[in-house]
2 protein chains.
Amino acid sequence: MKPSRTYKILVVDDHFVVRAGLRDILSHEPDFIVAGEAANGREAVAAHARLLPDVTLMDLRMPVCGGLEAIRLIRENSPAARILVLSSYEGDEDIHAALSAGAMGYILKHSSDDQITPAIRALLQGKRWIPLEVAGQLAARERGEILSEREREIVRLLVLGDANKQIGDTLGITELTVKSHMKNILAKLKVRDRTEAVTVALRRGIVHLPDE
Amino acid sequence: MKPSRTYKILVVDDHFVVRAGLRDILSHEPDFIVAGEAANGREAVAAHARLLPDVTLMDLRMPVCGGLEAIRLIRENSPAARILVLSSYEGDEDIHAALSAGAMGYILKHSSDDQITPAIRALLQGKRWIPLEVAGQLAARERGEILSEREREIVRLLVLGDANKQIGDTLGITELTVKSHMKNILAKLKVRDRTEAVTVALRRGIVHLPDE
DNA sequence: GGCCGAATCCCACTTACGAGGGAGCGGACG
DNA sequence: CGTCCGCTCCCTCGTAAGTGGGATTCGGCC
């Protein structure tokens with residue numbers, strides 16, 4: 001039962017153990033071959049251009065260059081690239097950002113192999129693959145209020161612990177304007193104060209913890 | 001070259017892909033055998049009691065029952081148990097808590113196989129295994145100020161977005177006392193306000209994001 | 001015993017935050 | 001074209017947050 005053809009897969013994750021696991025899982029499919037690996041977004045872009053894989057398995061949270069940026073760059077060079085995000089997190093903002101950056105599927109890292117290979121096969125057939133739990137997050141996002149770009153920018157400074165005055169100075173607007181935005185942010189996130197806003201924003205993937 | 005004896009290893013991680021990776025990595029060592037797997041702390045305690053492995057590879061962040069609690073329970077039943085923590089995070093508090101709970105080693109998930117098997121072999125010989133980067137975090141912790149139990153309790157409520165008054169009600173103390181603690185917390189964490197305190201506490205592993 | 005540091009608690013004061021409004025201006029979209 | 005919505009700015013007001021001090025208790029250590 002020689003397969004009609006083999007499919008090249010690129011594996012991108014900064015954790016060696018995860019790459020080993022994917023290599024092992026994919027090796028059980030006779031028509032899959034792991035054509036290459038990358039440990040960060042920059043390596044991923046280079047590897048994709050070199051290998052032109054049929055599917056790319058991509059983590060989001062990586063050093064040097066994150067998955068989102070890598071997805072954008074890869075699809076600039078190869079608009080037909082099929083990218084499957086494999087993430088630990090399920091914040092609605094992460095999911096939405098990945099899909100709108102051009103990912104065709106999104107699965108969670110605690111998925112077992114009977115979730116991973118079907119997802120890859122779906123992408124090979126040009127289909128999208130969004131599990132129910134992931135789709136649920138997206139639906140919840142649509143129901144709730146969505147932060148504007150400016151509001152996200154303010155939340156980014158908020159997690160640094162900046163006061164309203166400082167945030168205003170950074171963005172070149174008055175403190176009053178910041179407070180006005182902050183009021184909308186608190187309402188949209190349905191929280192009582194800025195501290196809770198930080199935890200909710202982190203949980204939903206709207207912002208991430210600064211590296212240092 | 002038949003090995004003199006084989007060593008039983010228990011793998012504990014909630015991510016299927018990680019378990020697969022470890023299974024694959026360990027299978028390359030002829031004297032290692034993955035005797036069992038567990039996807040959370042409760043399963044880990046049961047599996048350890050049943051299998052009595054020579055070494056347990058344990059993730060920290062897991063649902064149902066976290067790794068820390070699992071380490072404590074396992075070492076209550078088997079004080080000689082050798083547990084190697086395999087974590088993605090490197091917050092000094094996580095590291096310190098795991099080691100004082102009884103773990104004998106601590107490695108990071110982006111470690112390659114040439115870091116993982118030596119760590120396991122070290123534990124098999126009754127030695128500890130703390131990589132430089134991990135030891136550095138611990139050293140930094142010792143240099144800095146360490147939060148008291150009461151202060152950690154307050155930080156836990158802080159990340160929920162509770163106001164000082166609420167925190168006081170929860171702990172049965174006055175708001176004034178909470179503010180006094182908060183003052184010390186801000187000083188110890190070297191931050192300006194409670195918002196920054198949340199991000200620093202999360203980054204250092206002093207507290208974790210609430211599940212919901 | 002006596003000293004010291006750490007943890008806990010209390011008070012007064014200044015500042016920042018968040019609620020409750022309102023208003024003008026721009027682009028997007030039907 | 002008008003309407004919505006995001007961005008900007010404005011004012012007031014009550015309250016929470018953060019800063020300065022000081023008091024207490026308790027255990028360790030010389």
Side-chain angles (χ1 to χ4, degrees), chain A residues 92-93 96-97 100 141-202 204 206-207, chain B residues 92-93 96-97 100 141-202 204 206-207:
Chain A
D92 61 282
E93 188 75 21
H96 178 266
S100 63
R141 171 195 169 85
E142 302 307 333
R143 276 200 305 276
E145 310 252 28
I146 297 172
L147 296 192
S148 70
E149 186 51 47
R150 195 55 153 177
E151 287 163 347
R152 272 193 293 268
E153 211 166 1
I154 289 178
V155 174
R156 267 190 287 275
L157 296 170
L158 177 59
V159 300
L160 299 178
D162 285 8
N164 289 337
K165 176 80 173 65
Q166 270 176 296
I167 295 175
D169 289 348
T170 305
L171 298 181
I173 58 181
T174 68
E175 182 190 359
L176 291 166
T177 308
V178 176
K179 292 179 84 168
S180 180
H181 283 299
M182 195 68 70
K183 205 180 337 184
N184 294 329
I185 292 170
L186 298 181
K188 286 187 177 182
L189 296 183
K190 296 184 182 45
V191 295
R192 296 158 293 177
D193 52 36
R194 52 177 54 219
T195 309
E196 200 180 357
V198 168
T199 68
V200 170
L202 289 172
R204 290 187 45 185
I206 296 171
V207 288
Chain B
D92 62 283
E93 190 74 20
H96 178 265
S100 63
R141 171 195 169 82
E142 302 307 331
R143 275 199 305 276
E145 311 252 28
I146 298 173
L147 297 192
S148 70
E149 187 50 49
R150 193 59 154 176
E151 288 163 348
R152 270 193 295 266
E153 212 166 359
I154 288 177
V155 175
R156 267 190 288 275
L157 296 170
L158 177 59
V159 300
L160 299 178
D162 284 8
N164 289 337
K165 176 79 173 64
Q166 270 177 297
I167 295 175
D169 289 347
T170 303
L171 298 181
I173 57 182
T174 68
E175 181 192 357
L176 293 168
T177 309
V178 176
K179 293 177 84 167
S180 179
H181 285 299
M182 196 68 71
K183 197 185 342 183
N184 295 329
I185 291 170
L186 297 182
K188 287 187 177 182
L189 297 182
K190 296 183 179 48
V191 295
R192 296 159 293 175
D193 51 38
R194 52 178 52 220
T195 309
E196 199 179 358
V198 168
T199 69
V200 170
L202 288 172
R204 290 187 44 184
I206 296 171
V207 288

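Convention: sequence-line order gives letters A, B, ...; per-chain numbering from 1.
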Colleague: Among residues at least two apart in sequence or on other chains, which ones pass side chain to side chain donor-acceptor pair (under 3.5 Å) with Asn164(A)?
Modeller: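 Listed in chain order: Arg194(A).
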Colleague: Which residues pass the side chain to side chain donor-acceptor pair (under 3.5 Å) test with Lys165(B), not counting sequence neighbours?
Modeller: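 Testing Lys165(B) for side chain to side chain donor-acceptor pair (under 3.5 Å), a comparison that skips the adjacent residues, returns Asp169(B).
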Colleague: Below 4.0 angstrom, which residues in residues 166-185 of chain B have at least one non-hydrogen atom near DNA chain C?
Modeller: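 Of all residues in residues 166-185 of chain B, the ones placing a heavy atom under 4.0 Å from DNA chain C are Ile173(B), Thr174(B), Leu176(B), Thr177(B), Ser180(B), His181(B), Asn184(B).
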Colleague: Bend angle of the helix from dC9(C)-dG22(D) to dC25(C)-dG6(D) from five-pair axes at both ends, rounded to 10°?
Modeller: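 It works out to 50° between the end axes.
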Colleague: Please say which of Asp162(B), Val207(B), Thr170(B) ends up in a side-chain contact (heavy atoms from CB on, under 4.5 Å) with Arg156(B).
Modeller: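 With Arg156(B) as partner, side-chain contact (heavy atoms from CB on, under 4.5 Å) holds for just one option, Val207(B).
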Colleague: Sequence neighbours left out, what passes side-chain contact (heavy atoms from CB on, under 4.5 Å) with Glu93(A)? Give chain and number order.
Modeller: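 side-chain contact (heavy atoms from CB on, under 4.5 Å) check on Glu93(A) returns Arg141(A), Arg152(A), Ile206(A).
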Colleague: For Thr174(B), which residues count as a side-chain contact (heavy atoms from CB on, under 4.5 Å) partner, sequence neighbours excluded?
Modeller: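 Testing Thr174(B) for side-chain contact (heavy atoms from CB on, under 4.5 Å), a comparison that skips the adjacent residues, returns Leu176(B), Thr177(B).
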Colleague: Round to the nearest Å and state the distance from Ile146(B) atom CD1 to dA7(C) atom C1'.
Modeller: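 From Ile146(B) CD1 to dA7(C) C1': 14 Å.
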Colleague: Tell me every residue that passes side chain to side chain donor-acceptor pair (under 3.5 Å) with Asp92(B), counting only those two or more places apart in sequence or in another chain.
Modeller: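 Expected list: Arg204(B).
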Colleague: Just to verify, what does Ser148(B) make a side-chain contact (heavy atoms from CB on, under 4.5 Å) with, not counting sequence neighbours?
Modeller: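 Counting only residues at least two positions away or on another chain, Ser148(B) forms a side-chain contact (heavy atoms from CB on, under 4.5 Å) with Arg150(B), Glu151(B).
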Colleague: Given atom CG of Leu189(A) and atom C1' of dG18(C), what is their separation to the nearest angstrom?
Modeller: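 Rounded to the whole Å, the gap is 15 Å.
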Colleague: Please give, in whole Å, the distance from dT15(C) C1' to Asp193(B) CG?
Modeller: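 Distance check: Asp193(B) CG to dT15(C) C1' gives 13 Å.
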Colleague: Report, one pair per line, the protein and nucleotides 25-30 of chain C atoms (nitrogen or oxygen only) whose separation is under 3.5 Å.
Modeller:
none

Colleague: Side-chain N or O of Arg194(B) versus OP1/OP2 of dA17(D): is the shortest distance under 4.0 Å?
Modeller: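 For Arg194(B), the contact criterion (side-chain N or O under 4.0 Å from OP1 or OP2 of dA17(D)) is met.
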Colleague: Is any side-chain nitrogen or oxygen of Asn164(A) closer than 4.0 Å to OP1 or OP2 of dA16(C)?
Modeller: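 For dA16(C), neither OP1 nor OP2 has a side-chain N or O of Asn164(A) closer than 4.0 Å.
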Colleague: What distance separates Leu186(A) CG from Glu196(A) CD, expressed to the nearest 0.5 Å?
Modeller: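 Reported to 0.5 Å precision, the distance equals 9.0 Å.
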Colleague: Run the salt bridge (Lys or Arg N to Asp or Glu O under 4.0 Å) test against Lys179(A) and tell me which residues pass, sequence neighbours left out.
Modeller: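 With sequence neighbours excluded, Lys179(A) shows a salt bridge (Lys or Arg N to Asp or Glu O under 4.0 Å) to no residue whatsoever.
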Colleague: In this structure, how many angstroms lie between the P atom of dG6(D) and the CD atom of Glu153(A), rounded?
Modeller: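 Going from CD in Glu153(A) over to P in dG6(D) covers 16 Å.
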Colleague: Can you list the residues that meet the side chain to side chain donor-acceptor pair (under 3.5 Å) rule with Gln166(B), with sequence neighbours excluded?
Modeller: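 Result, side chain to side chain donor-acceptor pair (under 3.5 Å) vs Gln166(B): Arg192(A).
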Colleague: What is the distance, rounded to the nearest whole Å, between atom CD of Glu196(A) and atom C1' of dG18(C)?
Modeller: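 Rounded to whole Å, this separation is 14 Å.
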